[in-house]
Amino acid sequence: MAPRHNLLAHLGRAIAIAAVLTYAPAPAQTPHPAPAGESQGEREQLERIVFRAFPEADAYRGIHRDVTQSQRLKIEQRLPFKVHFTELGRHRLLVAFRGRRPVGLVYCRTEEAEWGLTKVAWHLTLDQRVVGFKFLRGRNRHIKSLERSKMATDLGGTDSLQVAKLLAAHDKKDHKRRDKSLVSIERTTLRSAAKALAILETVWADQIETLSDQANGFDLFPTAVRFTRRTTTWPLKQEGHEQDVHVKVLYAYDSDNMFLGCVVWTTGDDGVEQNSLRWAIDRNMYILATQPTENRRDVSLRKACSQLKGRKLSAPPTPDKPLSALAAMLGTLVPDLEKGRRR
């Protein structure tokens, strides 16, 4: 463990990359006008889709972004097919809210299809996985049945890598005895999903991370009115092995600016594989819960997480608790990062 005075010196560099996030209640409807070419009827249809995709939502916001040249190149490099220049211009992401908590995303794409332009609304989670899709416009006779097809089921819960695998499998499959029109709209839809996720992960990564953090914060601290985020990397020495641990802390505050607790994300290499954990900490720096951020079946890791519940974050590490050294490091780091925000 680094000495206390060295820790505070290092925090000076950590605070330089800190991000301060203040959230206000979502408006009752999107404050942005409909883009050119979008009719009032289409906009009303889009509103219905937002609330059908996320029935718990009671409001939504629109976030506009222009794709930069560097982002365009990254998107093109990520996709296994060519993207037309006009497809990567100005884009709008819709964020569904329940009160002040974001609950999901809707992103619409217009695709060139066999029977002209087809518009697809993609429903996505805050960790950028497909929930489902809805065709807003299109003349292919299969679009309605496709929304309820096996392909639609297979797309549910997929991330960008999994969508790429579905697309590759579809391209390799023998479609000679299948309806050509159906095969065509399937390929268009799978490519649309790939483009949607590539654009989200490239263009809106920072804002989606903020929204996801906000959702995590409200889940644990529903009375919070403000969150502050800090990030840093810190060395951890344990059993002769040293690793760099990436730490992100989301501090929650109430209307009187009183500290409610925090959510901490840690990512480090244990010498064999990378472990990413999420920690819930109360206002007195006791551990409420620790869990892997991914759905892992590692029984030993989950057991080690469960052993930390109710433990003081700064308690000295013990050999019988594998994650206690990491917890003790956070016990010093988390309060000092919060103090550094206040100077």
Side-chain angles (χ1 to χ4, degrees), residues 1-2 4 7-8 11 14-15 18-25 98-103 126-127 209-234 236 238 245-268 275-296 301-318 320-343:
M1 183 71 62
R4 177 77 173 183
L7 176 63
L8 291 173
L11 289 175
I15 291 168
V20 179
L21 312 174
T22 302
Y23 305 110
R98 172 72 176 181
R100 288 175 296 147
R101 185 198 185 281
V103 296
L126 295 171
D127 58 353
E209 181 184 8
T210 297
L211 291 165
S212 180
D213 289 350
Q214 182 182 357
N216 277 282
F218 277 123
D219 286 343
L220 284 169
F221 309 106
T223 61
V225 298
R226 184 172 61 84
F227 299 100
T228 299
R229 184 173 66 195
R230 302 283 173 178
T231 60
T232 188
T233 300
W234 194 257
L236 173 66
Q238 186 179 14
V245 180
H246 302 285
V247 181
K248 179 173 69 173
V249 189
L250 188 76
Y251 301 92
Y253 302 89
D254 65 14
S255 57
D256 295 322
N257 203 34
M258 296 295 293
F259 176 63
L260 297 173
C262 60
V263 188
V264 183
W265 291 265
T266 58
T267 303
N275 289 327
S276 295
L277 303 174
R278 182 176 60 191
W279 310 63
I281 313 296
D282 72 10
R283 68 173 69 215
N284 297 312
M285 290 294 153
Y286 281 89
I287 301 172
L288 298 172
T290 308
Q291 61 186 43
T293 57
E294 298 178 357
N295 187 22
R296 294 180 53 174
L301 177 60
R302 291 190 174 276
K303 181 179 179 181
C305 288
S306 66
Q307 291 174 338
L308 297 176
K309 186 175 182 179
R311 180 186 176 90
K312 185 75 172 179
L313 195 61
S314 58
T318 55
D320 62 320
K321 293 180 173 58
L323 293 175
S324 60
L326 177 56
M329 183 198 81
L330 293 175
T332 303
L333 185 62
V334 170
D336 283 334
L337 277 173
E338 200 268 345
K339 290 175 185 176
R341 179 192 66 80
R342 296 184 178 181
R343 304 272 177 151

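Quick caveat: nothing in here was measured; it's all calculated off a predicted structure. These numbers come from the heavy atoms of this one structure, side chains and all, not from hydrogens, waters or symmetry mates. Numbers for residues simply follow the sequence, beginning at 1.
Across all their heavy atoms, Thr266 and Leu326 have their closest contact at OG1-CD2, 3.9 Å. Pro316 and Arg311 get closest at one heavy-atom pair: O-NH2, 2.6 Å. Scanning all heavy atoms of the two residues, the minimum distance from Trp265 to Asp213 falls at CH2-OD1, 3.6 Å. Closest heavy-atom contact between Leu308 and Trp279: CD1-CZ3, 3.5 Å. When every heavy atom of Pro102 is checked against every heavy atom of Ala215, the shortest pair comes out as O-CB, 3.7 Å. The minimum heavy-atom distance between Gly217 and Val263, with the atom names listed, is CA-CG2, 4.5 Å.
In this structure a side-chain-to-backbone donor-acceptor pair under 3.5 Å is missing from Asp256 to Met258. Side-chain atoms of Lys312 come within 3.5 Å of backbone N or O of Asn284 as a donor-acceptor pair. A side-chain donor-acceptor contact under 3.5 Å links Ser324 to the backbone of Thr318.
Rounding to the nearest 0.5 Å gives a distance of 7.5 Å between CZ of Arg230 and OH of Tyr251. The distance from the CE atom of Met329 to the CG atom of Leu313 is 9.5 Å, given to the nearest 0.5 Å. Note that OG1 of Thr232 and NE2 of His246 are 10.0 Å apart. Values are rounded to the nearest 0.5 Å. Residue Arg226 holds its CZ atom at 4.5 Å from CG of Asn257, rounded to the nearest 0.5 Å. Once rounded to the nearest 0.5 Å, the distance linking SG of Cys262 with CG of Leu288 reads 9.0 Å. If you take NZ on Lys309 and CD1 on Ile287, they are separated by 12.0 Å, rounding to the nearest 0.5 Å.
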* Worked verdict on Thr228 versus Glu338 for side-chain contact (heavy atoms from CB on, under 4.5 Å) -> CA-CA 9 Å; Thr228 299; Glu338 200 268 345; over 6 Å; no

* Walk me through it: do Val334 and Met285 pass the test side-chain contact (heavy atoms from CB on, under 4.5 Å)? => CA-CA 9 Å; Val334 170; Met285 290 294 153; 4.0 Å; yes

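In this structure the side chain of Val247 never reaches within 4.5 angstrom of the side chain of Thr233, judged on heavy atoms. Contact annotation: the side chain of Asp127 never approaches that of Ser212 to less than 4.5 Å [non-hydrogen atoms, C-beta and beyond]. Considering only heavy atoms from C-beta on, Trp234 stays 4.5 Å or farther from Leu337 through its side chain. Residues Leu126 and Gln214 are not in side-chain contact: their nearest non-hydrogen atoms beyond the backbone lie 4.5 Å or more apart. Asp219 is listed as a side-chain neighbour of Arg101, based on a closest heavy-atom distance under 4.5 Å. Two residues are said to be in side-chain contact when any heavy atoms from C-beta on lie closer than 4.5 Å; Leu277 and Leu301 meet this criterion.
No more than 12 heavy atoms of other residues, nucleotides or ligands shown are found within 6.0 angstrom of CZ on Arg98. No more than 12 heavy-atom neighbours from other residues, nucleotides or ligands sit within 6.0 angstrom of NZ on Lys303.
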